[in-house]
Structure formats: structure tokens, C-alpha cells
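To keep things clear, I will list the structure first and then write my remarks on it.
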Number of protein chains: 2
Amino acid sequence: MKPKKRTTIYDIAEKLNLTASSVSRALNNSSNVNEDTKKLILKTAAEMNYKRNVLASNLRKGESKTIGVVVPRINQNFFSNVIAGIEEMTYAKNFNLIICQSNESHEKEIKCVNALINQHVDCIIISVAAEGNDYTHLKNVIDHGIQLIQFDRVVEDIDTLKIINDNELATLEAITHLITEGYKRIALLEGPQNLDIFKQRKTGYLKALAQHNLPIVEELIIENAWTKELGAEATRKLLSLPEPPDAIFASTSDFSALGVLEVATSMNFKVPGELGILGYANEPFTELTSPSITTIDQFTHHMGKTIATLYFQETQTKDTTIVPRTISIKPKLIIRASTSKSQVI
Amino acid sequence: MKPKKRTTIYDIAEKLNLTASSVSRALNNSSNVNEDTKKLILKTAAEMNYKRNVLASNLRKGESKTIGVVVPRINQNFFSNVIAGIEEMTYAKNFNLIICQSNESHEKEIKCVNALINQHVDCIIISVAAEGNDYTHLKNVIDHGIQLIQFDRVVEDIDTLKIINDNELATLEAITHLITEGYKRIALLEGPQNLDIFKQRKTGYLKALAQHNLPIVEELIIENAWTKELGAEATRKLLSLPEPPDAIFASTSDFSALGVLEVATSMNFKVPGELGILGYANEPFTELTSPSITTIDQFTHHMGKTIATLYFQETQTKDTTIVPRTISIKPKLIIRASTSKSQVI
DNA sequence: ATGAAAGCGCTAACAA
DNA sequence: TTGTTAGCGCTTTCAT
């Protein structure tokens with residue numbers, strides 16, 4: 001359906017025997033308008049149900065007041081919370097948010113990014129898909145003079161503002177907690193190592209073991225176990241070893257940890273007594289399982305707010321590009337029953 | 001930062017000694033271009049890293065290929081899944097999605113809607129905030145020739161396409177299940193009755209009792225218990241009654257049901273033996289509590305896809321307005337342990 | 001304080 | 001098949 005003809009500034013001007021320029025000035029609260037005419041124009045505009053055509057305005061001004069967000073999945077707790085945080089800030093600044101999901105597909109990610117470039121967004125905030133290693137589409141963003149901000153899953157090579165969690169430190173702390181609780185054979189379920197976040201978690205794990213003079217056992221490190229099903233499968237293998245682990249760190253997600261818990265329970269391993277379980281992300285459900293799952297909170301909403309705040313700080317004040325650097329938020333270890341061997345919680 | 005000067009169709013035209021029209025035609029895959037020139041133009045455009053300025057294109061064409069979505073909260077399971085469903089379809093159709101959250105505030109909802117009108121979106125898909133009773137902002141949408149689609153929380157008076165769940169039928173079925181299991185004093189935690197969805201659930205509840213000749217007991221119906229905390233509070237009251245209920249239907253949400261479960265457990269009521277618990281929405285965690293919670297699944301992702309599909313069907317084919325009507329999706333009762341008195345699951 | 005006029009980048013009707 | 005021209009609605013410089 002073609003939209004009905006809308007009221008334009010010309011319609012208002014005509015009605016008041018003025019010109020579009022004056023109407024525009026009044027609508028933009030310019031100082032060069034007589035106070036009375038301004039009032040009259042504003043009143044008339046309201047009466048005529050005038051709505052500014054943002055497309056035209058932006059085209060003329062060469063800006064869009066729009067930020068694009070690309071995430072793997074919008075219905076994943078982590079991302080929807082980050083987006084909610086971003087939205088809170090952008091709304092306050094009268095910016096629009098265009099949201100896309102890559103569905104973890106590199107190809108779709110490229111299409112999303114290009115669509116956003118076409119839209120002339122002012123900034124693209126992205127957390128990349130697990131797939132993929134060619135990131136020319138991100139370079140392209142920068143080439144088009146669009147601000148690029150990466151968060152969480154960032155591409156090292158692409159030099160932008162990056163907001164990440166200090167995965168390594170958080171993991172180091174979490175594993176140290178396990179060791180303090182008396183766990184000695186700690187298994188690692190790792191995620192795709194082309195993503196930095198999973199690499200960092202592995203590093204943290206390795207460092208913690210080293211710091212406490214625990215050996216690194218290859219058979220306790222399982223690749224790519226990042227869904228509930230893969231976590232379950234890995235656990236079946238691990239618990240069937242001649243020398244099974246006494247703790248499992250599902251570095252990929254709480255979903256994976258959930259798979260671990262279910263298998264452990266069904267194989268009659270006592271959690272936390274015989275097996276400690278550590279997840280990642282503080283999904284709401286980790287509080288509700290029995291036993292509840294120890295995990296790592298990433299301050300998702302706060303992260304979203306931080307990202308947007310940084311954007312506005314750096315672009316609104318000065319008018320230079322955002323300084324590329326990495327900002328690290330320290331996640332918080334949430335100790336729950338699944339690792340509390342020494343005390344009942 | 002001002003964006004760098006981008007390649008326009010004039011730049012391409014100049015380079016090839018053609019005019020902008022030809023370039024435009026080639027880029028739009030029009031038939032009235034020589035095949036060879038088209039190829040040449042496409043190649044050159046790619047080389048020059050040309051990106052269409054969608055703002056200008058849309059302004060000229062009077063359309064925006066953009067759909068706006070307004071929901072109370074994007075980081076709520078129900079909504080983020082619906083949005084994911086919508087996004088899947090709109091992406092396939094090359095449409096953009098602008099997402100706003102009202103945060104359950106009527107005022108913010110109005111601002112969001114107006115911002116979307118300014119953006120000249122083609123369609124607004126909305127689920128209204130719990131607050132508020134004046135809906136002139138929605139009428140305004142229609143007056144501006146923008147398609148309006150309501151889902152889940154719909155405003156009766158505003159005549160649009162509405163996609164809702166058959167709350168009444170689902171509730172009727174669920175309560176009947178409770179009765180079949182032998183529960184006789186079934187309490188209702190109801191939501192704000194200015195929202196149709198909660199009214200319908202109440203109606204379903206009343207109908208089920210009537211159908212089975214069970215009395216309606218006023219003291220078992222609790223108003224406005226729609227968070228975990230309020231659900232817990234209501235449960236404390238209910239279970240302290242001289243004649244406590246033998247089942248509680250948290251019609252507002254699974255979160256409320258979770259509050260019920262926690263209080264019941266702490267007050268040593270056996271679930272499902274002494275108290276049956278029924279939630280609403282099939283939040284992921286309902287599977288994980290002990291006992292797991294019987295609830296109602298709303299096919300959220302499917303709902304989102306349906307909404308978007310209907311929009312494209314009705315606007316792309318004919319070019320009339322969407323026929324206002326109500327489409328009802330039947331939710332599904334998910335029977336779990338919290339209501340399975342008669343059998344162990 | 002207001003008006004005139006140009007132009008953001010694109011599309012489309014018309015002409016050649 | 002290609003070019004010419006006008007205009008979508010707005011902002012902004014320059015002139016009055």
C-alpha cells in the first residue's frame with residue numbers, strides 16, 4: 001500500500017504564508033526565528049499532524065542517527081541483554097537501532113553488514129559468528145567511514161574499539177576456586193579456538209593449573225563441546241575414563257554445563273562431592289538446577305550500556321574516529337552448589 | 001566523525017562516460033540496459049566499492065523497506081523469540097528491522113512509535129506495555145498510512161491484524177488437566193486485567209471450573225501476581241489459609257510459578273502431592289526445576305514468523321491495507337512433574 | 001527575522 | 001538502449 005500523502009513543511013508553510021525555510025528553522029528550534037512565529041508554526045504542525053521525514057532530513061545532513069547491531073542470535077540471553085543495554089542508551093540519545101542476527105553464519109553476517117552500510121548507519125556494533133575467517137566485510141565498514149565497535153567475540157586483526165570480558169582472568173579465578181575446593185583432575189570443555197574468547201578461557205585454565213603445579217592432561221581437554229548435547233557426550237567419555245576427572249569446566253556455556261550435570265547425575269556421580277561442575281555465562285537457569293551451577297557472570301546489560309556510552313562519548317564530543325583499543329570488563333565468579341565440596345550452601 | 005565521501009552513481013557514470021540513469025538502471029537490474037554496459041557498470045561499481053544510499057533511494061521511492069517492532073522488553077524470552085522469528089522472515093525479504101523496547105512504560109511506548117513514524121517505516125508490529133489506556137498513538141500510526149500489526153498483548157479497540165494466542169482455550173485445557181489429576185481447590189494468580197491476555201486466561205480458568213461443577217472461591221483468586229516475588233507473596237498467603245488450595249495456576253508467567261514453587265518447598269508442601277503448580281510460557285527453566293513445572297508453550301518463534309509472513313503476503317501481493325482480523329494460535333500444554341499427581345514422570 | 005535557491009543521492013517519466 | 005530532467009522532503013548558505 002502506498003502511504004497516504006503526509007504533511008510536509010511546505011504544507012505548513014503554505015497554510016501560514018511562510019516559506020519552508022522558516023518552518024524548518026522553527027521545527028529545529030533554531031534561534032533565527034521570531035518567537036511568535038515559532039510558536040505558531042509548532043502549533044500548526046501539531047494540528048496538521050506533521051511528522052518529520054527523517055529519511056529526507058538524514059539524506060540532507062549526511063547522517064542517519066542510526067546504529068546497527070549484528071549478533072549471532074538475538075534470542076540468546078547474553079546477546080539480548082547486551083542489546084537491551086545498548087538500546088537503553090541509544091534511545092536516550094534519540095538514535096535508532098537496527099538489529100540483525102547472523103545465526104552463526106558467516107555468509108549471513110556479511111549480508112547483514114552490507115545492508116547496514118547501505119543504510120548509512122553511523123556505527124556498527126558487532127559480535128562475530130563462530131564461523132568464518134575472512135573479515136574484509138569489517139574492513140569495508142571502516143573504509144566507508146562508519147564507526148565499528150566489536151564486543152565479546154572480536155576479531156583480533158581488525159583494529160577497532162573492542163569491549164570484551166576478561167575471560168582469562170575470570171577463568172583463572174574460577175579454576176583457582178576449584179583447586180581451593182580440592183579438585184585436582186579438572187577437565188576442560190573448550191569452544192572453537194578461532195574465537196578469542198574461547199582461547200582466552202583455555203589460557204586461563206592452563207595458567208591456573210600451572211600456578212598450582214597441576215599437570216596438564218591431554219585426555220581431559222575436549223574440543224568443541226559447546227552445546228548441551230556436545231557437553232553431555234563429552235562427559236560420557238570423560239566419566240568413563242580409567243581415571244575420570246573430579247571436575248569439569250564447561251568453558252563454552254552454561255548449556256554445556258547443563259549437559260554435564262545431566263550425564264553426571266544419570267551416571268550416579270555425586271555433584272559436587274565426586275564431580276565439580278563449572279559453567280560460563282550465568283544463564284538464569286543455573287540458579288535453578290539441583291545442585292545449582294557455579295558459573296561466571298558477564299554483566300551483560302552493563303556491557304551493552306558501556307558500549308553505547310563509549311560510542312556517544314567519543315563521537316559526540318570530539319569529531320574524530322574512536323580510538324581503537326580494548327576495554328576489558330572483569331566478569332564475576334558466582335559460586336554455587338555444584339563446586340562447593342567443602343561446605344553446604 | 002563525518003563519513004568520508006562515498007562513491008555515488010554519478011561517480012560511476014562519470015568514469016564510464018554514461019549518465020546516472022543508466023547506472024541506476026543497471027544497479028536495479030532493469031531490463032532496459034544493454035547487457036554489456038550492465039556488466040561493465042556492475043563491475044565498476046564493485047571496483048569503486050559503491051554502496052547504494054538507501055536513504056536517498058527510499059526517499060525517492062516513498063518507501064523504506066523497514067519494519068518497526070515495539071515490545072515491552074527485548075531480553076524476555078517470549079519477545080526475543082518472537083523477534084527472532086520476525087527477523088528471519090524480514091531478512092529473507094530484504095527488509096530492515098528497527099527494534100524498540102517500551103520497558104513497560106506507556107510514555108516510552110508512545111515515543112518509540114512516533115520515532116518509527118518519523119522513520120517512515122512500512123509497518124509497525126507491537127505488543128503493548130502493561131501500563132496505559134490511551135492508544136491514540138496507535139491510531140496515529142494508521143492515520144499515517146503505516147500498517148499496524150498487534151500481537152499477544154493487543155488493544156481490542158484498535159482495529160488491526162492481531163496475532164494472539166488462544167489463551168482461553170489453552171487455560172481451559174490446562175485447568176481441566178489439573179482437575180483430571182484430582183485437584184479441586186485451584187487458586188489463580190492473575191495479571192493486570194487491562195490486558196486482554198490475562199482476562200482470557202481468567203475466563204478459561206472460570207469456564208473450566210464451571211464445566212466441572214467446581215465452586216469459584218474468591219479468596220483463591222489473587223490479583224496482580226506477575227513477578228516471582230509477587231507470586232511468592234501470594235503463595236505465602238494462600239498456603240496459610242485455613243483451607244489452602246491444592247493447586248496454584250500462575251497465569252501470569254513461569255516466573256510467578258517459580259515463586260510459588262520456592263515458597264511451597266520452603267513451607268514443606270509436597271509438589272505435586274499436596275500442591276499442584278501450573279505456569280505459563282514454557283520458559284526454558286521450567287524444565288530444570290525440581291520438580292519440573294507444567295506450563296504452556298506459545299510457539300514463540302513460529303508466532304514471529306507467522307506475523308511477518310502475513311505482512312508480506314497481504315502487502316506484497318495486492319496493494320490494499322491488511323484486513324483487520326484476529327488470528328489465534330493454539331498454545332500447547334506441556335505436562336511435567338509439578339502437576340502429575342497420579343503418575344511419576 | 002525571513003525568503004530564495006541549491007542540493008543530499010536516487011529514481012522514473014519522458015524524450016531521443 | 002541511453003540521456004534529460006524533475007523531484008522525493010529536508011537543511012543551509014546567501015541574500016534581503
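Quick caveat, the model's predicted, so the values are computed rather than measured. A note on names: the letters A, B, ... follow the listed sequences, proteins ahead of strands, and every chain is numbered from 1.
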Query raised in the report: Base, sugar-phosphate, or nothing for B:Asn58, non-hydrogen atoms under 4.0 angstrom?
Result: nothing
Query raised in the report: Over how many whole Å does the gap from A:Leu16 atom CG to C:dA1 atom P extend?
Result: 18 Å
Query - Base of D:dC10 paired with side chain of A:Tyr10 (donor-acceptor, under 3.5 Å) - result: yes
Query raised in the report: Hey, which of these two, A:Thr7 or B:Arg25, hits DNA chain D nearer its 5' end, going by closest nucleotide?
Result: B:Arg25
Query raised in the report: Between atom NZ in A:Lys38 and atom C1' in C:dA1, what is the gap in whole Å?
Result: 12 Å
Query raised in the report: Looking at DNA chain D, which of residues 45-54 of chain A put a heavy atom within less than 4.0 Å of it?
Result: A:Tyr50, A:Arg52, A:Asn53
Query raised in the report: To the side chain of B:Thr37, which of C:dT2, C:dC10, D:dT2 is closest?
Result: D:dT2
Requested in this report: Please state how far atom NZ in B:Lys65 lies from atom C1' in C:dC10, giving the value in whole angstrom units.
Outcome: 15 Å
Report task. Represent DNA chain C in dot-bracket notation, 5' to 3'. Only Watson-Crick or G-U wobble pairs with both distances under 3.5 Å count; pseudoknot-style crossings use [ ] and interstrand partners use |. Result -> ||||||||||||||||
Query raised in the report: C:dG7 C1' sits how many Å from A:Lys61 NZ, rounded?
Result: 16 Å
Query raised in the report: If you take atom types as modelled and just measure distance, does the side chain of A:Ser21 reach the base of C:dA4 with a donor-acceptor pair under 3.5 Å?
Result: yes
Query - N-O pairing of B:Arg153 and B:Glu104 below 4.0 Å - result: yes
Query - Test of ring centre spacing under 6.0 Å for B:His106 and B:Tyr135 - result: yes
**Report entry** Atom-pair distance (CD1 on A:Ile41; P on C:dT2), nearest Å
**Finding:** 8 Å
Query raised in the report: If you find the nucleotide of DNA chain D closest to B:His120 and the one closest to B:Glu35, which residue's nucleotide is nearer the 5' end?
Result: B:Glu35
**Report entry** Greater than 12 external heavy atoms within 6.0 Å of A:Glu47's CD
**Finding:** yes
Query raised in the report: Hey, what do you get for CZ (A:Phe151) to CG (A:Asn165), rounding to the nearest 0.5 Å?
Result: 10.5 Å
Query raised in the report: Is any side-chain nitrogen or oxygen of B:Ser57 closer than 4.0 Å to OP1 or OP2 of C:dC10?
Result: no
Report task. Find the distance A:Leu40:CG to C:dT2:P and express it as a whole number of Å. Result -> 10 Å
Requested in this report: Would you name the heavy atoms of A:Asn58 and A:Ser64 that are closest together and state the gap between them?
Outcome: ND2-O, 3.2 Å
Query raised in the report: Which nucleotide in the set D:dC8, D:dT2, C:dT2 lies at the smallest distance from any side-chain heavy atom of A:Asn32?
Result: C:dT2
Query raised in the report: If only side-chain N and O atoms of A:Ser24 are considered, is one of them under 4.0 Å from the OP1 or OP2 phosphate oxygen of D:dT12?
Result: no
**Report entry** Nearest-angstrom distance from the residue atom CD1 of B:Ile9 to P of D:dT2
**Finding:** 15 Å
Report task. State the CD1-CG distance between A:Ile146 and A:Leu116, to the nearest 0.5 angstrom. Result -> 8.0 Å
Query - Ion pair A:Lys108/A:Glu131, N-O distance below 4.0 Å - result: no
Query raised in the report: Is A:Ser22 near enough to C:dA1 that one of its side-chain N or O atoms lies under 4.0 angstrom from OP1 or OP2?
Result: no
Query raised in the report: CG of A:Leu55 versus P of D:dC10: gap in Å, rounded?
Result: 11 Å
Query raised in the report: Heavy atoms, side chains only, cut-off 4.5 Å: are A:Leu27 and A:Tyr50 in contact?
Result: yes
Report task. For the side chain of A:Thr19, starting at C-beta, report the closest nucleotide among C:dG3, C:dG9, C:dT2. Result -> C:dG3
Query raised in the report: Which part of the nucleic acid, if any, lies within contact of A:Asn17, taking any heavy atom under 4.0 Å across all strands shown: a base, the sugar-phosphate backbone alone, or nothing?
Result: sugar-phosphate
Requested in this report: Test side-chain hydrogen bond (donor to acceptor under 3.5 Å, both in side chains) on B:Asn53 and B:Arg6 and set out the steps.
Outcome: CA-CA 9 Å; B:Asn53 185 332; B:Arg6 297 190 184 201; over 6 Å; no
Query raised in the report: Hey, does A:Leu18 reach any base, or is it just sugar-phosphate, or nothing, if we go heavy atoms under 4.0 Å?
Result: sugar-phosphate
**Report entry** Minimum heavy-atom distance between B:Ile124 and B:Val113, given as atom pair plus value
**Finding:** CD1-O, 4.1 Å
Query raised in the report: If you measure from NZ on B:Lys51 to CG on A:Asp143, what distance do you get to the nearest 0.5 Å?
Result: 10.0 Å
